[in-house]
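Since the structure comes first, as structure tokens, the remarks are kept for the end.
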Amino acid sequence: MDPYPKTIVRLIDLLNELPGIGRKSATRMAFHILHASHAYSDNLAEAIRAVKHSLRLCKRCFNLSDSELCVICRNPKRDPRILCVVEAPNDLIAIEQTGAFQGLYHVLHGSINPLQGIGPEKLKIEELFQRLQHEPIQEIIIATNPNASGTATALYLQNRLQPFPIRLTRLAQGVPVGGEIEFIDSQTLSTSLKQRTEF
Ligand SMILES: [Zn+2]
């Protein structure tokens, strides 16, 4: 039993549900909030509320957005001829952080996984084909995860995209930068041998 009043136990319990937050950290956070200004705690509560109520999906690429179109789709400097297809908004953020991609995205919101009952109809795949009808897309980069369901999704897309007059590419899979060859699993190593590039 916590020796604290119910009001603070409720907050500790909720914070404790956050990933990576144990009971000790949750208690420390709850007391930090208790001692913080009213402005801070009101702001925090409002920010949590807004993330659920104001955040929506971009109607073009299905990235998370505050408005109809996300910041990337609204940016006129982005190249609308190249589309990078990812499974989740976090994948988009990871690619954005490289600064190496200037095209647009399409977020599928999952990957094909028959064991979990996730077929293509549960993903934003039809929406991708609708974009192909209306947008000047010349290349699609399939950047799904290199695991079983990500690969199944990539193959499904490859099949269905083949009739379209576009360049279809996939992220290269290979040795990680800074890695050591002797410690790389043999599947990754054999893929990188197959996908070797010219100097
Ligand atoms: Zn967008």
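Counting convention: from 1, in listed order, for ligands and their atoms alike.
- The tally of protein N/O/S atoms under 2.8 Å from the Zn ion (ligand 1) stands at 4.
- Identified under the side-chain hydrogen bond (donor to acceptor under 3.5 Å, both in side chains) test for residues 47-58, with sequence neighbours left out: Glu46-Arg49.
- Remark: Arg74 pairs with no residue by the salt bridge (charged side-chain N to carboxylate O under 4.0 Å, His left out) rule, at least two apart or across chains.
- Contact detail for Cys73 and Cys58: the closest heavy-atom pair is SG-SG, 3.8 Å.
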Could you tabulate the donor-acceptor pairs under 3.5 Å formed by side-chain atoms of residues 126-133, not counting sequence neighbours?
unit_1: Glu126; atom_1: OE2; unit_2: Arg160; atom_2: NH1; d: 2.9
unit_1: Arg131; atom_1: NE; unit_2: Glu135; atom_2: OE1; d: 3.4
unit_1: Arg131; atom_1: NE; unit_2: Glu135; atom_2: OE2; d: 2.9
unit_1: Arg131; atom_1: NH1; unit_2: Arg60; atom_2: O; d: 3.4
unit_1: Arg131; atom_1: NH1; unit_2: Tyr105; atom_2: O; d: 2.7
unit_1: Arg131; atom_1: NH1; unit_2: His106; atom_2: ND1; d: 3.2
unit_1: Arg131; atom_1: NH2; unit_2: Glu135; atom_2: OE1; d: 3.2

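- Looking at Glu139 and Thr169, their side chains do bring a donor and an acceptor atom within 3.5 Å of each other.
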Evaluate the side-chain contact (heavy atoms from CB on, under 4.5 Å) criterion for residues Asp79 and Leu104: first the C-alpha distance (whole Å), next the side-chain angles of each, then the deciding distance (0.1 Å), finally the verdict. CA-CA 7 Å; Asp79 186 350; Leu104 297 176; over 6 Å; no

